[in-house]
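Working notes, beginning with the structure itself.
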Amino acid sequence: MPKPQLLHFLHVSAFNVFAIAAVIATVTAATVTLQLKEAPQFYNSPDCPSITNIEDDPNGESSVFCSDQAVHVAVTLDSAYIRGSMAVILSVLQHSSCPQNIVFHFVTSAAANVSFLHATISSSFPYLNFQIYPFDDASVSRLISTSIRSALDCPLNYARSYLANLLPLCVTRVVYLDSDLILVDDIAKLAATPLGDNSVLAAPQYCNANFTSYFTTTFWSNPSLSLTFANRKPCYFNTGVMVMDLDRWRNGDYTTKIEEWMEIQKQMRIYELGSLPPFLLVFAGNIVPVDHRWNQHGLGGDNFRGLCRNLHPGPVSLLHWSGKGKPWARLDANRPCPLDALWAPYDLLQTPFVLDS
């Protein structure tokens, strides 16, 4: 039955059908509450170093977020991907040898309900070391060009380019993780990847991929653009899993370099894939390669149909549902892919939804 406050709309002209649908959606959204379970608490092994300095801070709070003994992890956070983000947290903690030494840095839209997101995380992970950083969408929205999939155009997808500006200056290294993945190995191993004397990023790279396909003919036919890869051996890498030296990023002003390529994209279409190509333009050929086990990506299928895929050959430390299909959506629709069963144990959803009276 329709809600009472909507009855008087039922006899209006067809012209107002969309208005009615919008009202129904608003009323329904206001009464649906996501119910997430509290996760178990995980404790450090005896040989884990302390990440607090009691002499500097009796409460141990501020020193935690600046500790170089901590593993700093950055994840974006929004209501659409909240279940994915919570699964990331749980998987990281569950497989860490020093889970109490992990500090999460969550980046969310400045327009988001930060208090709600903070309460949601605290409810499921009351012991978690974390901070939330609002990201000003307007700072990047003017630079975003439409891509092959609308979800890729969300300003929050570009927040990874601004981590050096958002996180405290005392955070010098961070592991960036997308919200559609789970770890099945100790993240400290990934975080400890040596970056050498000059490298800013480390990530699994895939030199067998057709690198030219990530850019348009307009790009490759313009020497002033394509020569950016001169003296480099560029390979594709997925930006959903990266170890980042934030000091080197700041010193090299790499946010500006990425923005400059986005400005060019606004003038002439040189790529199709959202936030990935600017990273490739700036960093491809100059990153530290990480073992492929740390990004078994593409489990969400392609960007159009999101069909089921198998794992790549080799060992697995991280499973990544990059692509259109997300495991929580496929599970909810009762149309899961076989590998979605590996994500399901980390899903903290208690019930699909509860309708408030």
Side-chain angles (χ1 to χ4, degrees), residues 32-43 73-97 99 102 104 106 116-117 119-128 130 149 151 156 175-187 189-190 204 238 240-241 292-355:
V32 175
T33 304
L34 198 66
Q35 297 292 311
L36 298 173
K37 297 178 289 189
E38 181 177 337
Q41 184 169 1
F42 301 95
Y43 297 92
V73 182
V75 182
T76 57
L77 198 64
D78 67 358
S79 56
Y81 277 65
I82 187 69
R83 279 170 69 188
S85 299
M86 301 295 269
V88 172
I89 301 168
L90 178 56
S91 71
V92 167
L93 297 176
Q94 183 169 326
H95 297 284
S96 172
S97 57
I102 296 174
F104 281 91
F106 297 112
F116 166 77
L117 294 173
T120 300
I121 296 170
S122 296
S123 178
S124 290
F125 300 97
Y127 47 84
L128 195 68
F130 75 93
R149 183 159 61 91
L156 202 56
V175 179
Y176 173 81
L177 300 175
D178 271 352
S179 297
D180 53 359
L181 56 79
I182 56 170
L183 276 83
V184 291
D185 202 345
D186 192 342
I187 195 172
K189 300 176 186 176
L190 176 61
N238 181 282
V241 180
H292 289 179
R293 69 188 300 153
W294 287 104
N295 196 350
Q296 284 272 349
H297 68 289
L299 303 186
D302 60 25
N303 282 303
F304 299 100
R305 292 181 293 172
L307 300 178
C308 299
R309 287 185 177 174
N310 296 321
L311 288 173
H312 306 291
V316 180
S317 292
L318 183 151
L319 299 106
H320 187 187
W321 279 261
S322 57
K324 184 177 181 180
K326 302 306 175 189
W328 56 89
R330 296 195 293 215
L331 288 164
D332 288 351
N334 202 26
R335 296 171 59 187
C337 292
L339 291 176
D340 295 345
L342 299 176
W343 182 89
Y346 301 94
D347 186 10
L348 290 177
L349 185 68
Q350 188 163 286
T351 55
F353 57 84
V354 59
L355 290 177

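None of these values were measured; they are calculated from a predicted model. If you read the sequence from its start, that first residue is 1, and numbering goes on from there.
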Any side-chain to backbone donor/acceptor pair from [X] onto [Y]? Under 3.5 Å, distance only.
{"X": "Ser322", "Y": "Gly298", "result": "yes"}
{"X": "Asp340", "Y": "Cys337", "result": "yes"}
{"X": "Thr120", "Y": "Phe116", "result": "yes"}
{"X": "Ser179", "Y": "Ser85", "result": "no"}
{"X": "Ser91", "Y": "Ala87", "result": "yes"}
{"X": "Lys324", "Y": "Gly301", "result": "no"}

Looking only at side-chain N and O atoms, does Trp294 offer a donor or acceptor that is under 3.5 Å from a partner on Asp185?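 Note: Asp185 and Trp294 side chains miss the donor-acceptor criterion.
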Minimum heavy-atom distance between Pro313 and Gln296, given as atom pair plus value: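 What the structure gives for the nearest pair is O-NE2, 4.2 Å.
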Spacing of [X] atom [atom1] and [Y] atom [atom2] [to the nearest 0.5 Å]:
{"X": "Glu38", "Y": "Ser122", "atom1": "CD", "atom2": "OG", "value": "10.5 Å"}
{"X": "Leu339", "Y": "Leu299", "atom1": "CG", "atom2": "CG", "value": "5.5 Å"}
{"X": "Ser317", "Y": "Asp186", "atom1": "OG", "atom2": "CG", "value": "9.5 Å"}
{"X": "Leu128", "Y": "Leu93", "atom1": "CG", "atom2": "CG", "value": "6.0 Å"}
{"X": "Asn295", "Y": "Leu318", "atom1": "CG", "atom2": "CG", "value": "6.0 Å"}

Please name all residues satisfying salt bridge (Lys or Arg N to Asp or Glu O under 4.0 Å) with Asp78, sequence neighbours left out, ordered by chain then number.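 If we apply the salt bridge (Lys or Arg N to Asp or Glu O under 4.0 Å) test to Asp78, skipping adjacent residues, there are no hits.
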If we only count heavy atoms from C-beta on, is the [X] to [Y] side-chain gap below 4.5 Å?
{"X": "Arg330", "Y": "Trp321", "answer": "yes"}
{"X": "Val92", "Y": "Phe104", "answer": "yes"}
{"X": "Tyr346", "Y": "Val184", "answer": "yes"}

Tell me, with the steps shown, if Val241 and Leu177 meet side-chain contact (heavy atoms from CB on, under 4.5 Å). CA-CA 5 Å; Val241 180; Leu177 300 175; 4.2 Å; yes
Could you go step by step and tell me if Leu331 and Trp343 meet the side-chain contact (heavy atoms from CB on, under 4.5 Å) rule? CA-CA 10 Å; Leu331 288 164; Trp343 182 89; 3.8 Å; yes
The single option from Leu348, Leu349, Asp180, Val88 that satisfies side-chain contact (heavy atoms from CB on, under 4.5 Å) with Arg83 is Leu349
In sequence, state the C-alpha distance, the side-chain angles, and the governing distance for Leu319 and Leu311, and then conclude on side-chain contact (heavy atoms from CB on, under 4.5 Å). CA-CA 9 Å; Leu319 299 106; Leu311 288 173; 3.7 Å; yes
Over 60° means perpendicular and under 30° means parallel, so classify the ring planes of Phe125 and Tyr127, tilted if in between.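 Ring orientation of Tyr127 relative to Phe125: perpendicular.
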Just say parallel, tilted or perpendicular for the rings of His312 and His297, cut-offs at 30° and 60°. tilted
Decide yes or no on side-chain contact (heavy atoms from CB on, under 4.5 Å) for Phe106 and Ile121, but give the supporting numbers first. CA-CA 10 Å; Phe106 297 112; Ile121 296 170; 3.7 Å; yes
